[in-house]
Amino acid sequence: MLDARFVRENIDALKSALQKRGYDRGYDIDLSEFLSLEEERLRLMREAEEMRNKRNVVSEEIGRLKKQKQDAENLIVEMKGVSDRIKEIDETLKGIEEKTGLFLLNIPNIPHESVPVGKDETENVEIRKWGELRVFDFEPLNHWDIAETLDIIDFERGAKIAGARFAVMKGLGARLERALMNFMLDLNTSKGYKEIFPPILVNRESMTGTGQLPKFSEDLFRTVDPEFYLIPTAEVPVTNIYRGEILREDQLPIYYTAYTPCFRREAGSYGKDVRGLIRQHQFNKVELVKFTKPEDSYSELEKLTDDAEDILQKLGLPYRVVALCTGDMGFSSAKTYDIEVWLPGQQRHREISSCSNFEDFQARRANIRFKREGKKGTEFVHTLNGSGLAIGRTVVAILENYQQKDGTVTVPEALRQYMGADIIK
RNA sequence: GGAGGGGUGGCUGAGCGGUUGAAAGCGACGGUCUUGAAAAUCGUUGUAGGGGCAACUCUACCGUGAGUUCGAAUCUCACCCCCUCCGCCA
């Protein structure tokens, strides 16, 4: 969320930011209406405060008169009128604040100046590449074909039990899933990230705090009674750990890593990635989350991305890092690097991690602040997160990159102690 | 699910419907004292919004929301959360 005052005072900067994002159309109320509502809001607020002041002063006087057994009937009648007027203004204000609040909640973050301007994913910019693409002396298969032969993933029965976009992991497939969780958590914690295992059902406030609500409710699974939301990423519960809190400067930066299942409706992606493990309603992910001081957040983003890349390097999976352009970046992010792993079965790179700096966008929504030593007042922290990594897609990458001509799959060196096996066969 | 108790400032904990933004204690910070520290002692110590160049000033906030009242931390209702006991249960 952007600050109302910031919007009031930086209307042109905001307009150009929205344009770069391709967000310039489709608002319920536009910026100029917002501005006039704000003007009205400030005017009414001042009037109400003035009247409250009057009420406070006179009420005190009434108390004094009554104590002295004097008549205060005139004042009481007068104050009744004042109170009625305050109530009237408050109601109008509430209506206005509902509109302006919703408007602010629906404005995306302003991209950082270093973010390439572009309309969609075709204009993302490759930053670097790592790893040699393996040369196959046979036609590499898709992971779903490999998995079927090895009988380690059962898509049909996943569909029977739950529906499309669900899978059953079996045997060494299930073991691989578990091995990856442990491998990633161990690696991340060895770098100073504290391990967190949070709730995976959360309330509306948490979803609003990180930016999934109110705008993206169609992407979420929800329970009805009582109402909970299934998290689409550990970012939600982990970032909300400090919702509404004021941290001390010396607590920052905070590094957390969390394994959780993730749940996504994938509404609007019909027909995309219908086969295989790439796009599931339920998937496992290990997440990296940081809370930092504002001046550190961009160097922390680089470090966070390095940490995510390191996982792929240790697994020997070739990848590239792209900077998302303004048109492809997520709603809450100020800057995002995607890490895309090479999938020989599909002959293309696929996103396996997304590392973002949200600056104070989430912190403002979730009201996460910190206090500097010896300074008055508080500031919003900066929040960052990135996958470290998406486990299902890592399974895909391992199956496709490490497949052998005979249909078996070599287990990456770093994973063998976790797998208790060298080969999946 | 049933019965009961409770949610107040960084923490502990008072608080008759009327100078209570909130006693007291602890902690923290600053001063005095001390060679230094401790002890003692004095003082300071919430957040947010509005107005003003500023000193400053006004407003709101005692779980959340609504209500009663000239006036609510204090009364009423609903909801949320926590604790204890019972039941059920991985």
Side-chain angles (χ1 to χ4, degrees), chain A residues 1-10 34-105 197-209 213 222-229 237 240-252 254 261 360 363-381:
Chain A
M1 180 166 59
L2 300 176
D3 184 42
R5 190 164 48 190
F6 174 87
V7 173
R8 290 201 300 266
E9 292 167 2
N10 298 277
F34 172 79
L35 289 180
S36 64
L37 279 173
E38 273 289 289
E39 206 172 295
E40 177 75 355
R41 185 177 74 85
L42 291 177
R43 193 181 64 72
L44 286 172
M45 209 180 67
R46 266 174 240 137
E47 189 184 342
E49 283 192 359
E50 228 166 83
M51 305 202 77
R52 278 205 172 84
N53 177 235
K54 186 171 181 187
R55 187 178 71 182
N56 287 346
V57 171
V58 175
S59 286
E60 204 173 298
E61 176 65 18
I62 291 172
R64 205 171 306 134
L65 288 174
K66 287 210 158 181
K67 219 172 252 176
Q68 298 165 6
K69 304 281 186 223
Q70 292 186 35
D71 179 57
E73 203 45 46
N74 292 343
L75 291 177
I76 289 178
V77 169
E78 190 191 342
M79 282 311 101
K80 193 159 179 57
V82 171
S83 274
D84 287 345
R85 175 65 187 145
I86 290 174
K87 194 173 283 184
E88 208 177 285
I89 295 174
D90 279 350
E91 255 157 54
T92 313
L93 268 177
K94 205 175 154 187
I96 292 174
E97 278 164 6
E98 228 161 79
K99 281 191 203 167
T100 56
L102 194 62
F103 179 73
L104 288 172
L105 283 174
F197 190 62
I200 61 180
L201 297 183
V202 302
N203 55 30
R204 174 181 290 273
E205 289 73 25
S206 292
M207 283 295 182
T208 306
L213 289 178
R222 170 170 76 93
T223 66
V224 173
D225 187 22
E227 184 185 80
F228 286 115
Y229 291 86
N240 276 282
I241 284 176
Y242 293 115
R243 173 153 51 84
E245 298 193 23
I246 300 174
L247 303 168
R248 293 188 321 272
E249 181 178 17
D250 63 26
Q251 289 179 275
L252 300 174
I254 294 169
D360 64 2
R364 181 172 278 112
R365 287 177 162 246
N367 199 20
I368 306 172
R369 292 169 291 171
F370 77 103
K371 205 180 182 68
R372 284 190 203 270
E373 201 78 33
K375 266 202 163 182
K376 268 196 173 173
T378 59
E379 294 174 52
F380 289 110
V381 302

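This one's a predicted model, so the numbers in the text were calculated from it and none came from an experiment. The sequence lines fix the lettering, A, B, ..., with proteins before strands; numbering per chain opens at 1.
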Classify [X] by what it touches in the nucleic acid, base, sugar-phosphate, or nothing, heavy-atom distance under 4.0 Å.
X: A:R55; result: sugar-phosphate
X: A:L75; result: nothing
X: A:K54; result: nothing

In whole Å, measure the gap between the [atom1] atoms of [N] and [M] for me.
N: B:C80; M: B:A73; atom1: P; answer: 24 Å
N: B:G13; M: B:U19; atom1: C1'; answer: 23 Å
N: B:U32; M: B:U8; atom1: C1'; answer: 34 Å
N: B:A28; M: B:G87; atom1: C1'; answer: 47 Å
N: B:U74; M: B:U64; atom1: P; answer: 11 Å
N: B:U44; M: B:C58; atom1: C1'; answer: 24 Å
N: B:G30; M: B:A38; atom1: P; answer: 11 Å
N: B:G15; M: B:A23; atom1: C1'; answer: 8 Å

Check: B:G71 base to A:E60 side chain: any donor-acceptor pair below 3.5 Å?
Finding: no

Check: Are the charged groups of A:K94 and A:E97 less than 4.0 angstrom apart, N to O?
Finding: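 No, no charged N to carboxylate O under 4.0 Å.
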
Quick one: look up who [N] pairs with, Watson-Crick or G-U, both distances under 3.5 Å, and put none if it's unpaired.
N: B:C61; value: B:G46
N: B:A40; value: B:U32
N: B:C75; value: B:G67
N: B:A3; value: B:U84

Atom [atom1] of [X] to atom [atom2] of [N]: distance rounded to whole Å?
X: A:D84; N: B:U69; atom1: CG; atom2: C1'; result: 12 Å
X: A:N367; N: B:C61; atom1: CG; atom2: C1'; result: 13 Å
X: A:I246; N: B:G9; atom1: CD1; atom2: P; result: 12 Å
X: A:K94; N: B:G49; atom1: NZ; atom2: P; result: 22 Å
X: A:R248; N: B:C29; atom1: CZ; atom2: C1'; result: 15 Å
X: A:E245; N: B:U47; atom1: CD; atom2: P; result: 16 Å

Checklist line | Interatomic spacing from CG in A:L93 to CD1 in A:I86 - rounded to 0.5 Å | finding: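 Spacing of CG (A:L93) from CD1 (A:I86) equals 11.5 Å.
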
Is the phosphate of [N] approached by [X] (side-chain N or O, under 4.0 Å from OP1 or OP2)?
X: A:R369; N: B:A48; answer: yes
X: A:R5; N: B:G50; answer: yes
X: A:R46; N: B:G51; answer: yes
X: A:S83; N: B:U69; answer: no
X: A:N53; N: B:U59; answer: yes
X: A:K66; N: B:G17; answer: no
X: A:R8; N: B:G50; answer: yes
X: A:K87; N: B:C70; answer: no
X: A:N56; N: B:G71; answer: no

Item checked: Residue met sooner reading RNA chain B from 5', once A:R52 and A:K67 are mapped to nucleotides -> A:K67

Margin query: Heavy-atom nearest nucleotide on RNA chain B for A:D3 versus A:A48: which residue maps closer to 5'?
Written below: A:D3

Would you say the side chain of [Y] lies within less than 4.5 Å of the side chain of [X], judging by non-hydrogen atoms?
X: A:R365; Y: A:R243; value: no
X: A:R85; Y: A:R55; value: no
X: A:T223; Y: A:Y229; value: no

Next item on the list: Mind running side-chain contact (heavy atoms from CB on, under 4.5 Å) on A:V7 and A:E38 for me, showing each step along the way?
Entry: CA-CA 10 Å; A:V7 173; A:E38 273 289 289; over 6 Å; no

Notebook entry, point to check: Does the side chain of A:S59 pick up a donor-acceptor pair with the side chain of A:N56 at under 3.5 Å?
Noted result: no

Next item on the list: Identify which nucleotide among B:C58, B:C70, B:A48 has an atom closest to any side-chain atom of A:E49, counting heavy atoms from C-beta outward.
Entry: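 Shortest atom-to-atom distance from the side chain points to B:C58.
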
Item checked: side-chain contact (heavy atoms from CB on, under 4.5 Å) partner of A:E47, the single match among A:E49, A:M45, A:R43 ->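 Looking at A:E49, A:M45, A:R43, the match for A:E47 under the side-chain contact (heavy atoms from CB on, under 4.5 Å) is A:R43.
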
